[in-house]
Amino acid sequence: MIITVASGKGGTGKTTVAVNLALSLDGAKLFDCDVEEPNAHTLLRLGELDAQSVEMPTPHIDQDKCTLCGKCAEFCQFNALFVGKDRVLVYPEMCHSCGGCSIICPEDAIEEQPRKVGTLFTGEANGISLVFGELNIGEPIATSVIKAVKSRMKHDEVNIIDAPPGTACPVIETMQESDYLLLVTEPTPFGLHDLEMAVNVVKELGIPHGVVVNRAGIGDGSERKFCEERDIPIVMEIPFDRRIAELYSVGTPFVEDMPEWKERFRDLYGVIEEVVNSGE
Amino acid sequence: MVSEIAVISGKGGTGKTTVAAALIALSEDTVMADCDVDAPDLHILLKPDVKRKSDFSSSKVAEIDPEICIECGLCEDKCRFGAAHPPEIDPIACEGCGVCKLICPEKAISMRDRVSGYLYESETRFGPMAHARLLAGEGNSGKLVTEVRNLGVSLAERNKSNMVLIDGSPGIGCPVIATVTGIQLSVIVTEPTLSGIHDMNRVIELLQRFNVPGLVIINKYDLSMENTKKIEKFCRQNGVDVIARIPFNPIMTRSMVALQTMPEHAPNHEITGILREAHQEIVKKIEK
Amino acid sequence: MKVCVTSSGPDMDSPIDPRFGRCAYFIIVDTDTMQHNAIENDAAMASGGAGIRAAQTVASTNVEAVITGSVGPNAHPALQSAGIKIMTGAVGTVREAVQKMKQGQLQQISTPGPAHRGMGMGRGRGMGGGRGQGRGRRNM
Ligand code: SF4
Ligand code: SF4
Ligand code: SF4
Ligand code: SF4
């Protein structure tokens, strides 16, 4: 089972939902795919962490073989190569690792070498297993680190994924192969607008989904109308509660101090399981 | 010379857009640019009247001609993004790298432009605005950010205004890099949560790399005085001024629900006063 | 001597475009005869690495120097490796910028300004006037 917690935009409480859900289920594992801003671990008490490099193949030019023909730079769609007067410059941070330049080089002067773009962390926190990735600052391409995080999932276990915010490619990369998507939103005009963007993506991917309304009760109820119109179930409402906000700010997942919520998250899981099983 | 100032936040949900909208309402002769192109929100508050709309195409996407393709499978083999499934290409996964076209023995593959969003030139009650919309699932927002910035600067030049206020995107990835490169000042909106601090540190590191001076606004500072102190200490150590501390108050959310900026919704409220002072600090810093 | 000026329009009286990578046109000028031709900068719309692609275009024209507002951290080493001098701090029209260069009023710089759109950074830093020992190197 893979449940991905997503939202059209950051700051809706997505991470809070993912963390609390994972802590409420026995044997669940938490995967933080927000590799630009991994946050789930800041809400947990971390034990020992194992760190591993995430690498991408990046061209290395054998300047002796190179005849400066210019074919590689002409081919590269991402402008990661420059052919100068006496050498070829490689801009590793531009490279998408497509491998095209080494195919096109007529002199066989390009060899790909691994380059570190981020780090994969695995460990235990609050009694559950946590995997998260961190993209190196200044690296523009997050998908490789996301793939590394996801590679640690086992399909026969309960995997809870905290997705990056937004609707761009890293989000799609994260959502692929999920069994269920929880879309977290806030009952404000911004929240509704972002939810709509997220719903559009999810519909395109065709994955079953439901909405969690965070800070429920502060708006005018337009999120309910929206969900009704688009035929999306609201599977949980978390009230606007100073206690929850305070626990969040000091980094305590609220299920730990408010055990009645553990029960609710378990019920939520029950609902999800039913939907997923009925789809098969 | 047009100055560009970006409001950014590292993490989403810190109240960045609310602060940016308030700053716009407090400024005169300022052009707005919503560079949070992945989830643009400013238009919800500012209700822009769109004057011009143009297509935004950032990348290419591969296409297989099924009449020519012999399904040899070479493209599937060489595509590093799992996008080639002859005789079809998965346009969502395709990065437009061109490798499949390069290796296809039958020349069955061509690359075409992908329309991935729209760019808008608008008028609002506070002046001109540049904004954009990225189609769902489209990447490459970095380039769209650059286009919105370019449009913002040309609107400013046309209107003889000397400042563009940018609502930046969260995170530290490509769109944020595109937002902050070469701007004159950045205003970081953070909150006293552990993740807020963590992300602010990363953003400040990024700004230092790009030689952009920063100012910090702490939103909901009274939710955790301990964390607020940590933020202030970190800022002091990094030579970044904290120019405002905004208390936790549902009025910020209420003004949003009412689709108004803070100065409009509650002109005499304490928080509006704090924002007004922050605005003056920003103007002072730019004039220096 | 052949130079390239980054320009917002296709002729000698167009205002220069201070951005190297994302300028609209490159005007290639023979400073002795003032003969010139314009090349559109197809990198202006590149999603990333505009400076690198622009540098490749300029390198293919065999000019000795580039006259612009400022050059970003990516394009800088590229132009250097192509043996092209970088003159920054130019303002006014293409024609005026070329005149200024002839009178020795532009600085040749050795350290890059910020990427995409530099604002006078190159100007302040390049005061050393072509001594070329990149001291204030960015930590990229
Ligand atoms: S691997 Fe692809 S992206 Fe990287 S330099 Fe080569 S052609 Fe460019
Ligand atoms: S294609 Fe090969 S030989 Fe040609 S410039 Fe590139 S590395 Fe050198
Ligand atoms: S390489 Fe060309 S011919 Fe072979 S499967 Fe792909 S598109 Fe078809
Ligand atoms: S263009 Fe690149 S990413 Fe797209 S299908 Fe071809 S090889 Fe794959």
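No hydrogens, no waters, no symmetry mates; every other heavy atom, side chains included, goes into these values. Convention: sequence-line order gives letters A, B, ...; per-chain numbering from 1.
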Can we say B:Arg80 and A:Glu112 salt-bridge, meaning some charged N sits less than 4.0 Å from an Asp/Glu carboxylate O?
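A:Glu112 and B:Arg80: salt-bridged.
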Heavy-atom proximity to chain A below 4.5 Å, by part of [X]:
X        : value
B:Glu191 : side chain
B:Leu259 : side chain
B:Asp41  : both

By a 4.5 Å heavy-atom criterion (distance strictly below it), what part of A:Pro189 contacts chain B: side chain, backbone, both, or neither?
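For A:Pro189, heavy atoms of backbone and side chain both lie under 4.5 Å from chain B.
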Between A:Glu196 and chain B, which part of the residue has a heavy atom less than 4.5 Å away: side chain, backbone, both or neither?
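A:Glu196 has no heavy atom closer than 4.5 Å to chain B.
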I'd like to verify something: which residue of A:Gly100, A:Gly13, A:Ala245, A:Ser97 has the highest number of heavy-atom pairs under 4.5 Å with chain B?
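Answer, by heavy-atom pair count under 4.5 Å with chain B: A:Ser97.
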At their closest point, which heavy atom of B:Phe248 faces which heavy atom of A:Arg242, and how far apart are they?
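Minimum heavy-atom separation between B:Phe248 and A:Arg242: CD2-NH1, 3.3 Å.
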Considering all heavy atoms, the nearest B:Ser195-A:Asn39 contact
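Shortest heavy-atom separation between B:Ser195 and A:Asn39 comes out as CB-OD1, 3.1 Å.
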Answer yes or no: are there more than 12 heavy-atom neighbours, outside [X] itself, under 6.0 Å from its atom [atom1]?
X        : atom1 : value
B:Lys107 : NZ    : no
A:Lys147 : NZ    : yes
A:Lys225 : NZ    : no
A:Gln113 : CD    : yes
B:Lys101 : NZ    : no
B:Glu76  : CD    : yes
A:Glu74  : CD    : no

Sequence neighbours left out, what passes salt bridge (Lys or Arg N to Asp or Glu O under 4.0 Å) with A:Asp241? Give chain and number order.
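Expected list: none.
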In sequence, state the C-alpha distance, the side-chain angles, and the governing distance for B:Leu102 and A:Ile103, and then conclude on side chain to side chain contact (heavy atoms under 4.5 Å, CB included).
CA-CA 9 Å; B:Leu102 176 67; A:Ile103 297 176; 3.8 Å; yes
To the nearest 0.5 angstrom, please state how far the [atom1] atom of [X] sits from the [atom2] atom of [Y].
X        : Y       : atom1 : atom2 : answer
B:Asp199 : A:Asp34 : CG    : CG    : 8.0 Å
A:Thr188 : B:Ile44 : OG1   : CD1   : 7.5 Å
B:His198 : A:His41 : NE2   : NE2   : 4.5 Å

Can you list everything that forms a side chain to side chain contact (heavy atoms under 4.5 Å, CB included) with B:Leu45? Sequence neighbours excluded, please.
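B:Leu45: side chain to side chain contact (heavy atoms under 4.5 Å, CB included) contacts with A:Phe190, B:Ala21.
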So, B:Arg202 side chain and A:Glu36 main chain: donor-acceptor pair closer than 3.5 Å or not?
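Checked: pair present.
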Options B:Pro250, B:Gly98, B:Ala93, B:Ser224, ranked by heavy-atom pairs under 4.5 Å with chain A, top entry
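Among the listed options, the one with the most contacts to chain A is B:Gly98.
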Worked verdict on A:Phe75 versus B:Val99 for side chain to side chain contact (heavy atoms under 4.5 Å, CB included):
CA-CA 9 Å; A:Phe75 173 80; B:Val99 163; 3.9 Å; yes
